[in-house]
Amino acid sequence: VQLQASGGGLVQAGGSLRPSCALSGRTFSNYNMGWFRQAPGKEREFVAAIDWSGTSTYYADSVKGRFAISRDNAKNTVYLQMNSLKPEDTAVYYCAADPYYSGTYVSRYRYWGQGTLVTVSS
């Protein structure tokens, strides 16, 4: 399984970005997907997750109401719509995949992408 994240960038506070992550090498619809982020000097933390069917989604409290995770199984891609961005959202955003787990723990996801940098200026 290979994961390729893209769509990060520099945005002003209050703006929006929509990173995406494409899975290749296996059947995308067999995998639950998650987004995590890691700011400089901090541990990697959970942001959002979606189950294989797209029926169930989960969010960190810090992004609820601002971020939305979605997937397109026909395009083998998961998205993270990020609105009302804040400077504290600045981090490298990673996508992750697992065939069985769709929760918040970093260590439970089997496959990881390389990350995409999101910088929010004040």
Side-chain heavy atoms nearer than 4.5 Å, only ILVMFWY residues, links allowed to pass through others: does that put [X] and [Y] together?
{"X": "Tyr79", "Y": "Val47", "answer": "no"}
{"X": "Val1", "Y": "Val106", "answer": "no"}
{"X": "Trp52", "Y": "Leu23", "answer": "no"}
{"X": "Phe67", "Y": "Val92", "answer": "no"}
{"X": "Leu80", "Y": "Tyr109", "answer": "no"}

Exercise for review: Before accepting this row, confirm whether a basic side-chain N of the pair Lys64/Asp61 lies closer than 4.0 Å to the acidic partner's carboxylate O.
Suggested key: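 A salt bridge is present here (some side-chain N lies under 4.0 Å from a carboxylate O).
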
Check your understanding: Does a donor on one side chain sit under 3.5 Å from an acceptor on the other, for Ser16 and Asn83?
Key ->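 Yes - a donor-acceptor pair under 3.5 Å links their side chains.
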
Check your understanding: With distance as the sole criterion, is a donor-acceptor pair present between the side chains of Ser53 and Thr55 under 3.5 Å?
Key ->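 Present: a donor and an acceptor within the cut-off.
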
If you round to the nearest 0.5 Å, how far is [atom2] of [Y] from [atom1] of [X]?
{"X": "Leu10", "Y": "Ser121", "atom1": "CG", "atom2": "OG", "answer": "5.0 Å"}
{"X": "Lys75", "Y": "Asn73", "atom1": "NZ", "atom2": "CG", "answer": "12.0 Å"}
{"X": "Arg37", "Y": "Glu43", "atom1": "CZ", "atom2": "CD", "answer": "14.0 Å"}
{"X": "Leu85", "Y": "Leu17", "atom1": "CG", "atom2": "CG", "answer": "6.0 Å"}
{"X": "Tyr58", "Y": "Thr104", "atom1": "OH", "atom2": "OG1", "answer": "10.5 Å"}
{"X": "Asn76", "Y": "Gln4", "atom1": "CG", "atom2": "CD", "answer": "13.5 Å"}

If we ignore hydrogens and angles and just use 3.5 Å, is the side chain of [X] paired with the main-chain N or O of [Y] as donor and acceptor?
{"X": "Gln114", "Y": "Ala5", "value": "yes"}
{"X": "Ser102", "Y": "Asp51", "value": "no"}
{"X": "Asp98", "Y": "Arg110", "value": "yes"}
{"X": "Arg66", "Y": "Ser84", "value": "yes"}

**Study point:** Geometric cation-pi criterion, Arg44 with Tyr94: 6.0 Å, 45°
**Key:**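 Yes, Arg44 lies over the aromatic ring of Tyr94.
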
Review point. Centre of Phe28's six-membered ring, under 6.0 Å away, within 45 degrees of the axis: is that where NZ or CZ of Arg71 sits?
Key: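 Cation-pi check for Arg71 and Phe28: passes.
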
Practice item. Could you check if a side-chain atom of Pro99 sits within less than 4.5 angstrom of a side-chain atom of Asn30, using non-hydrogen atoms only? Key: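 No; the side chains remain at least 4.5 Å from each other.
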
Practice item. Check whether any side-chain heavy atom of Cys95 lies under 4.5 Å from a side-chain heavy atom of Tyr111, and answer yes or no. Key: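 No; the side chains remain at least 4.5 Å from each other.
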
Review point. Are more than 12 heavy atoms from other residues, nucleotides or ligands located less than 6.0 Å from atom CD of Glu45?
Key: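 Buried by this count: over 12 neighbours within 6.0 Å.
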
Exercise for review: Show the numbers, then the answer: is there a side-chain contact (heavy atoms from CB on, under 4.5 Å) between Ile69 and Val78?
Suggested key: CA-CA 7 Å; Ile69 188 171; Val78 62; 3.9 Å; yes

Exercise for review: Decide side-chain contact (heavy atoms from CB on, under 4.5 Å) for Met82 and Asp89; before the verdict, give the C-alpha distance in whole Å, the side-chain angles of both, and the deciding distance to 0.1 Å.
Suggested key: CA-CA 9 Å; Met82 305 191 297; Asp89 293 319; over 6 Å; no

Check your understanding: At their closest point, which heavy atom of Thr77 faces which heavy atom of Ser20, and how far apart are they?
Key ->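 Scanning both residues completely, I find the closest heavy atoms to be CG2-CB, 3.8 Å.
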
Practice item. Please say which of Tyr105, Tyr93, Phe46 ends up in a ring-ring contact (aromatic ring centres under 6.0 Å, His included) with Phe36. Key: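 That would be Phe46.
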
